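Remarks on the structure that follows.
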Amino acid sequence: MDLLSNLNPVQRQAVEHPGGPVLIVAGAGSGKTRVLTRRIAYLLEKGTSPMEIFAVTFTNKAAQEMKNRVSTLSHQDLFWVGTFHSICVKILRRHAAEIGYQNAFGIYDDQDQKAVIKDCLKELKLDSKDFKPVNVMNHISRAKDSLIGCEEFAKEAAGYHEEIIAKIYTMYEKKLKLYHAFDFGDLIMKTVYLFEENPKTLEAYQEKFRHILVDEYQDTNQAQYKLVKLLSEKHKNIYVVGDPDQSIYRWRGADIKNILNFEDDFEGTTVINMEQNYRSTQTILKASNHVISNNSQRKPKNLWTEREEGDKIAYYLSDDEQGEGQYVVESINHAIENEGKSLNDIVVFYRVHAQSRVLENALRRGKIPYKIIGGISFYSRKEIKDVMAYMKLTLSPQDDINLKRVINVPARGIGQSSIARLEERAMQQGLSLHDAILDAMDDPMVQARLKKNLSVFMQVVQTLTEKASDLTVTQLLQEVLRTSGYVEMLEAQDDTESEERLENVKELISATEEFEEEESEPTLANFLEQMTLKSHIDSYQDQDEQLTLMTLHSAKGLEFPYVFIVGFEEELFPHSNSSFESDELEEERRLCYVGMTRAEQRLFLSGAQMRRLFGERTPKSPSRFLAEIPTEYVEFNSASHYTPTWNPEDDDMLYNQDHGNTAVEVVQVPVSVGFEEGEQVTHPEFGVGQIQEVSGEGASANYSVLFVRYSEPKLLSAKYARLTKY
DNA sequence: CGCGTCACTCATGAA
DNA sequence: GAGTGACGCG
């Protein structure tokens, strides 16, 4: 196949670039995946070895797809392809010993991290009310994202609160080292640290990686930036693709400056702008462009398309969240029955997972099969974490977090007070809990009954460890289930919850079997590592006839013919936690932009007038992002206006509740009508401004308003603008 | 020690 | 509405 076929001139330039730093600013739907894979295939064709290519993707799924595509194009297999995390694991597995860890380290997820932090709080006798584990964890993780180790953190700590966090951070690091574990942040930070400490190792990798490619560069953090900066110093072939308008992981340490300053950071950068969108209709693209143009911190760009104008964006204002669910169900049925769509063509996005429940109920009632991406992942379920903890212990018995997790699961008569005493012993002697238990078992002062209970547990661990090396992962798992008595425990409980847990454990067996079939090196360490680094989206498959539900954050990189974004309301989207600071609000807007630009043909937005929150019915107003879409692109409907395209007879009580006594229109959105050009107005959010231009009439009018606080005029719709005379 | 109950707190997003 | 900690009983 010709590697340059079906590419536009800009894409072709990107694929054929001779080398050196390249920044590709790739707008939504501009074909960046195609460019990236062709680029790699092109490099291979020009004689680069697959081992010399270091390519970072945002998810493992994307990495797999890239591998497959490259393999199809070039019949060569890439090796250094994956997320930052998975690539760094590969490096650390070979070199961790050089920085004082063992190469067989464990990986802690956020649950494990929290458990360690809780232990630190206990040991430091701190009140977990003043120092919430989640909060401390975020501090530590953000520090690691910025390559700030605990010593430096301690040095720069200002004020009591930070000083305490520094103490916790220091103890946390000590514990992780004792447990031979890395957390997510470590995977990147410690790799950078390795390179900084060992110039020889760095040089070897610098030499090796002739070409470095990074996708979704707008969502890299400082540690990741430093990593690619270091690695690219020799050959200077750093090729990054991203879109500042789609940076949505600031809260996870992503630094949008990485992409904004790329040209300055890497001398001789070629910037390539890919602005032709091949995905969405004119209407969807223009509407999205309007929304994102409200961000002040942005490089303007002009994303355009040759595609047809397409349908207007549908906006539906329901009475409450139930009505919204109903609307989604009906619209989906309509799309399937009358517009030739299948469930695979449709996706529903929401801002927070909590919104899924109401939708699920509506979908179940409507007999629409669905799957949810994200939420509580399979691998963070208690039973799965428990069983995996046993397997992890066979690799590293010193891992106290995993040891404590299962020492009394199933119950072995080793309760909290006993564990506390053992921990005390461990701390005093500077031992891991595992070694402290061994020590206690030789101590005549320790109760015989406790010793017996402890030896039962230690026997389990020992038996498993001995067998582990001779068994496949599946066999070990089955051995765990038998020896630990876990299955027995679940069977004895005999209620719906334990039945479900049993099912999940069985599903884990399928997972190990699948892993063994697919993997060339199906070791236990590989399995555990893959499961920990797996992302929600990685397990997403679109084969089945099912509707997909996910958060907007998971939406990145995907596209669907029909897209629903529900909960288009103030406080929910933009989320209330993000509406104070303008940086955060702009990130919410980018999230909105990401969501909207996923749509190829039709976009459905919806919100409710009343929503049950914290168990209370709360009045809601439409999202400000709605007001940022010119009304000419939108078809408005509300519960009272809405003309059902289905037969009301077929429906259940929900419908009647919604429509039973609503002869009167109840749209409670403040309407700002009758303003004229030049008039002074105020807006609750934007402050004082002047009307520059009026288009349309009455409630469907649009005002272009120049607010004092903003340099660009804002386009507001009369229906939602909440304008008053100044 | 283990288990159940009850009150209490606290609300995003995720590799 | 969920997850957690305190408390008290068997």
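Bear in mind the structure is a predicted one, so any value in this text is a computation, not a measurement. Because only heavy atoms are used, hydrogens play no part in the values below, and waters and symmetry mates are left out as well, while side chains stay in.
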Non-hydrogen side-chain atoms of Ile248(A) and Leu552(A) separated by less than 4.5 Å: no
List every contact pair, protein side and nucleotides 13-15 of chain B side both N or O, where the distance is under 3.5 Å.
unit_1: dG13(B); atom_1: OP1; unit_2: His353(A); atom_2: N; d: 2.8
unit_1: dG13(B); atom_1: N3; unit_2: Trp251(A); atom_2: NE1; d: 3.2
unit_1: dA14(B); atom_1: OP1; unit_2: Thr551(A); atom_2: OG1; d: 3.2
unit_1: dA14(B); atom_1: OP1; unit_2: Ser554(A); atom_2: OG; d: 3.4
unit_1: dA14(B); atom_1: OP2; unit_2: His353(A); atom_2: NE2; d: 2.8
unit_1: dA15(B); atom_1: OP1; unit_2: His536(A); atom_2: N; d: 3.1
unit_1: dA15(B); atom_1: N3; unit_2: His85(A); atom_2: NE2; d: 3.4

Under the 6.0 Å and 45° cation-pi test, does Lys556(A) pair with Tyr249(A)?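 Pair Lys556(A)/Tyr249(A) does not count as cation-pi.
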Under the 6.0 Å and 45° cation-pi test, does Lys177(A) pair with Tyr101(A)?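 That pair qualifies as a cation-pi contact.
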Identify whether the distance between the nearest side-chain nitrogen and carboxylate oxygen of Glu587(A) and Arg590(A) falls below 4.0 Å.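 A salt bridge links Glu587(A) with Arg590(A).
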Asp386(A) with Lys382(A): basic N within carboxylate O range, under 4.0 Å: yes
Quantified in whole Å, what is the C1' atom distance between nucleotide dG5(C) and nucleotide dT12(B)?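 Per the computed distance, 25 Å lies between those C1' atoms.
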Between dA11(B) atom P and Glu571(A) atom CD, what is the distance in whole Å?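 Whole-Å distance recorded here is 15 Å.
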To the nearest Å, give me how far apart CD (Gln111(A)) and C1' (dT4(C)) are.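 Taking CD of Gln111(A) and C1' of dT4(C), I get 14 Å after rounding.
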Close N or O pairs between protein and nucleotides 2-9 of chain B (under 3.5 Å):
unit_1: dG2(B); atom_1: OP1; unit_2: Asn408(A); atom_2: ND2; d: 3.3
unit_1: dG2(B); atom_1: OP1; unit_2: Gly413(A); atom_2: N; d: 2.7
unit_1: dG2(B); atom_1: OP1; unit_2: Ile414(A); atom_2: N; d: 3.3
unit_1: dG2(B); atom_1: OP2; unit_2: Asn408(A); atom_2: ND2; d: 3.3
unit_1: dG2(B); atom_1: OP2; unit_2: Gly415(A); atom_2: N; d: 3.3

With under 30° as parallel and over 60° as perpendicular, where do the rings of His85(A) and Phe184(A) fit, or are they tilted in between? perpendicular
Please verify the inter-ring angle class for Tyr486(A) with Tyr390(A); under 30° counts as parallel, over 60° as perpendicular, anything in between as tilted. perpendicular
Check: Ala411(A) main-chain N/O paired with Asn408(A) side-chain donor or acceptor under 3.5 Å: no
